[in-house]
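Atoms within each ligand, like the ligands themselves, are counted from 1 in listed order. Along the sequence shown, the residues carry numbers beginning at 1.
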Amino acid sequence: GAARVVVIGGGFAGGTAARFLKGHGLDVTLVEPNPTYTACPLSNSVVAGLRSLDRQTFGYDGLRRAGVTVVHQRASKVDAEARRVTLGDGVALDYDRLVLAPGIDMNFGALPGYDDKAAEIMPHAWKAGPQTTLLARQLEAMEDGGVVVMSVPANPYRCPPGPYERASLIAHYLKTRKPRSKLIVLDAKDSFSKQRLFQAAWEKLYPGLLEWVSLSSGGQVTSVDPASLTLVTDFDRVKAAVANVIPPQKAASIAALAEVADRTGWCPIDPVTFESRLRPGIHVIGDAAIAGAMPKSAFAANAQAKVCAAAVATLLRGEKPAAPKLINTCYSLVAPDYGISVAGVYAPSDGRLADVEGAGGTSPLDAPASFRAKEAVYAESWFDTITAEVFG
Ligand code: FAD
């Protein structure tokens, strides 16, 4: 029969990989514990009360219709020698090749005071679902005049522009609903994705309302105290009415169990095939992978999955995959009718995925409101298109 491929994780990376592996005529089993998937892109609009969480939720029937066997279990063990995955219910799945696409876990050890209990008080909302709803409710319940504080980690983390989109949309919420309030963004970095576009928009739309504190200005949060809703930096203790703590992250735990994560917590891969540098026969895609210059985005996860699926099919035929080119585009909303974007093209170079010089770029710094409004529409069209491709 056809060669067997097991895919762990039914998000943007794993869902796409399963569909395209099936398209290459392989026997594909997708392992995903949750019966539905809740997408992060556009979830910052849910935080700001502009969108319902229902619109973020997708089922797996589309993948079943495409011929993928979907098993709602957690993968609990990977034996790379025996080429076998063990599921939470004890069932074992043998594979010829394994695609690991488990996304991220919060690295709770990396920020003193922050753990899964603290996240119930100071939500991260960096995995869409109940955490998103919790942060939205906290903002709703806050009195006008309250101080919202966000903590943003150092690189690398899921969705580089995501914290700044969130800051923008929270600022929009405060401006329109609680105008005496303030947002302080404590950042462990001095620069960030689409920075000039964000900052120009903030100056125009949210002057005096949104304060960004860079690493050099003492923005790095070194610990948090959930009991007193306090964020601690080297120079200050900042008391919040609502605290959104986005902690450092790492590849989801199955990556370490499968021994494909290195000391950074992320998974080194070959840039042509996405095969693990640590364990042959296992490919790692999406946020869990170290994809060089590519950001951890749903767009990138989808692009990597297509390249990886083709490479796996080629390798299983005993042939050598050709070097790929990959694209990423990330839209961010600064206000409901104000979108900005960044695009890049990537190719293997010196063993890693590198930026193709001169390709890509960002939205123009000076553009009329009509241009920003169009990009806000494109953001939603992109979301509808990619979710239809993966889950439709
Ligand atoms: P995930 O989507 O997290 O999927 C991983 C899946 O693996 C999950 O379903 C999980 O249940 C499953 N899993 C984990 N462990 C196991 C296991 N042991 N066994 C079986 N299954 C397992 N990206 C964009 O491109 N554009 C945007 O506008 C954008 N906006 C964002 C806004 C926010 C607020 C955030 C937080 C992220 C945003 N992103 C955006 C980033 C995007 O959500 C991620 O890059 C993307 O989800 C990565 O896909 P993935 O498949 O690697 O991981």
Can you give the donor-acceptor pairs under 3.5 Å from side chains of residues 377-385 to other protein atoms, not counting sequence neighbours?
{"residue": "Glu380", "atom": "OE2", "partner": "Arg55", "partner atom": "NH2", "Å": "3.0"}
{"residue": "Ser381", "atom": "OG", "partner": "Val377", "partner atom": "O", "Å": "3.0"}
{"residue": "Thr385", "atom": "OG1", "partner": "Ser381", "partner atom": "O", "Å": "2.8"}

Next item on the list: Given salt bridge (charged side-chain N to carboxylate O under 4.0 Å, His left out), test Asp105 with Lys250 step by step and report yes or no.
Entry: CA-CA 6 Å; Asp105 276 346; Lys250 59 182 179 182; 5.8 Å; no

Item checked: Under 4.0 Å from ligand 1, counting heavy atoms only: the protein residues, by chain and number -> Ile8, Gly9, Gly10, Gly11, Phe12, Ala13, Val31, Glu32, Pro33, Asn34, Tyr37, Cys40, Pro41, Ser43, Asn44, Arg74, Ala75, Ala101, Pro102, Gly103, Trp126, Arg158, Cys159, Arg166, Ile254, Gly286, Asp287, Lys296, Ser297, Ala298, Phe299, Ala301, Tyr331, Trp382

Check: Given the side-chain rings of His172 and Tyr338, with only the six-membered ring counted for Trp, is the space between their centroids under 6.0 Å?
Finding: no

Notebook entry, point to check: Do the two ring centres, one from Tyr37 and one from Phe391, sit under 6.0 Å apart?
Noted result: yes

Note to self: Taking salt bridge (Lys or Arg N to Asp or Glu O under 4.0 Å) as the cut-off, I'd like each qualifying pair that reaches into residues 194-217, sequence neighbours left out, listed once.
What the structure shows: Lys182-Glu211

Notebook entry, point to check: In chain order, what residues pass the ring pair (Phe, Tyr, Trp, His ring centres under 6.0 Å) check against Tyr114, with sequence neighbours excluded?
Noted result: Phe108

